[in-house]
Peer 1: 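The following block contains the structure, expressed as structure tokens.
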Amino acid sequence: MVSEVDFLAFVDHQLDAMVEMVETLGDELANTALDVPGSNSPYVILEHCLGVMEYWAGHVALGRPSARDRDAEFRAHGTVSDLVHRTSKARARLRQDTTRINPAAAPIGQLDPKDAASPLGRTQGGAMLHIYEELARHRGQMDLTFDLLRAGAASRRAGTSTPNP
């Protein structure tokens, strides 16, 4: 089993990369989605990851009441500085939560029945691994979005066109 310290190091690696990308993009591009149906802006991607962390650690694993509005995560927009600040607060909360996690224990919070029977819902450790799974998945999504947004911005500055964004 992975240690608490190692788990947090892996989470931090994903969050550090996502924060660096939104800071590099700045407010305008960080809030820009690709011109592809269903795509999300880097801001939305990181906002969603913060919701994942709070929900799966705080609510599912530890039983803290949840007021998560998942749909609102996908409509989110704002300043990069605010998002970076909230990411810092979410990291601190996750660090506190991991000290209370019993990896082999059943989750305390309410779960959707389909999740309860899956590895992510059987134990508090499974819920925590799901956090890392989601952060890694969305970091990859953000990597691609970041590259395409920067390429599009560079093409516009150079007066050429690109298919996306």
Peer 1: Of the non-hydrogen atoms in A127 and A61, which two are nearest, and what is the gap between them?
Peer 2: CB-CB, 4.3 Å
Peer 1: Grouping I, L, V, M, F, W and Y whenever their side-chain heavy atoms are under 4.5 Å apart, do V36 and L149 come out in a common cluster?
Peer 2: yes
Peer 1: Restricting to non-hydrogen atoms, name the atom on D27 and the atom on G78 that form the minimum distance, rounded to 0.1 Å.
Peer 2: OD1-O, 4.4 Å
Peer 1: Count the heavy atoms belonging to other residues, nucleotides or ligands that lie under 6.0 Å from CZ of R100, then report whether that count exceeds 12.
Peer 2: no
Peer 1: I need the minimum non-hydrogen distance between G121 and P107, along with the two atoms involved.
Peer 2: O-CG, 3.2 Å
Peer 1: To the nearest 0.5 Å, tell me how far L129 CG sits from E134 CD.
Peer 2: 12.0 Å
Peer 1: Would you mind writing out the side-chain donor-acceptor pairs for residues 50-60 within the sub-3.5 Å range, not counting sequence neighbours?
Peer 2:
unit_1	atom_1	unit_2	atom_2	d
E54	OE1	R64	NH2	3.2
E54	OE2	R64	NE	3.0
E54	OE2	R64	NH2	3.2
H59	ND1	R64	O	2.8
H59	NE2	Q110	O	3.3

Peer 1: Taking a hydrophobic cluster as the set of Ile, Leu, Val, Met, Phe, Trp and Tyr residues connected by side-chain heavy atoms closer than 4.5 Å, whether directly or through intermediates, do I131 and I108 fall within one such cluster?
Peer 2: no
Peer 1: List the atom of M18, the atom of C49, and the distance in Å for their closest heavy-atom pair.
Peer 2: CE-SG, 3.9 Å
Peer 1: Does this structure show an ion pair linking D115 with R122, if we count only N-O contacts that are shorter than 4.0 Å?
Peer 2: no
Peer 1: If you measure from CG on D82 to OG1 on T87, what distance do you get to the nearest 0.5 Å?
Peer 2: 9.0 Å
Peer 1: Check the hydrophobic clustering (I, L, V, M, F, W, Y; side-chain heavy atoms under 4.5 Å; chains of links allowed) and say if L46 and F74 are grouped together.
Peer 2: no
Peer 1: Compare every heavy atom of V22 with every heavy atom of Y43, then report the nearest pair and how far apart it is.
Peer 2: N-CG1, 4.4 Å
Peer 1: Out of curiosity, does V44 fall in the hydrophobic cluster containing F146 (side-chain heavy atoms, cut-off under 4.5 Å, transitive links)?
Peer 2: no
Peer 1: Could you check whether E73 pairs with R70 (Lys NZ or Arg NE/NH1/NH2 to Asp/Glu carboxylate O, under 4.0 Å)?
Peer 2: no
Peer 1: Measuring from atom CZ of R93 to atom OG of S88, what distance do you get when rounded to the nearest 0.5 angstrom?
Peer 2: 14.0 Å
Peer 1: Can you measure from CG (L25) to OG1 (T32) and round to the nearest 0.5 angstrom?
Peer 2: 8.5 Å
Peer 1: Do V19 and R91 have side-chain heavy atoms sitting under 4.5 Å apart?
Peer 2: yes
Peer 1: May I ask you to decide whether R75 forms a salt bridge with D71, counting only side-chain N to carboxylate O separations under 4.0 Å?
Peer 2: no
Peer 1: Hey, does the side chain of Q124 reach the backbone of N102 with a donor-acceptor pair shorter than 3.5 angstrom?
Peer 2: yes
Peer 1: Where is the tightest heavy-atom contact between A76 and N31, given as atom of each residue plus distance?
Peer 2: O-OD1, 4.4 Å
Peer 1: CG of L135 to CG of L94: how many Å apart, nearest 0.5 Å?
Peer 2: 8.5 Å
Peer 1: If the condition is ring-ring contact (aromatic ring centres under 6.0 Å, His included), which residues does F7 pass it with, not counting sequence neighbours?
Peer 2: none
Peer 1: Taking the side chain as C-beta and beyond, is there a heavy-atom pair between E4 and R95 under 4.5 Å?
Peer 2: no
Peer 1: So does D16 pair up with R139, basic N to acidic O under 4.0 Å?
Peer 2: no
Peer 1: Can you tell me how far CD1 of I45 sits from CE of M21, rounded to the nearest 0.5 angstrom?
Peer 2: 8.5 Å
Peer 1: Do the ring planes of H48 and H138 sit parallel (below 30°), tilted (30 to 60°) or perpendicular (above 60°)?
Peer 2: perpendicular
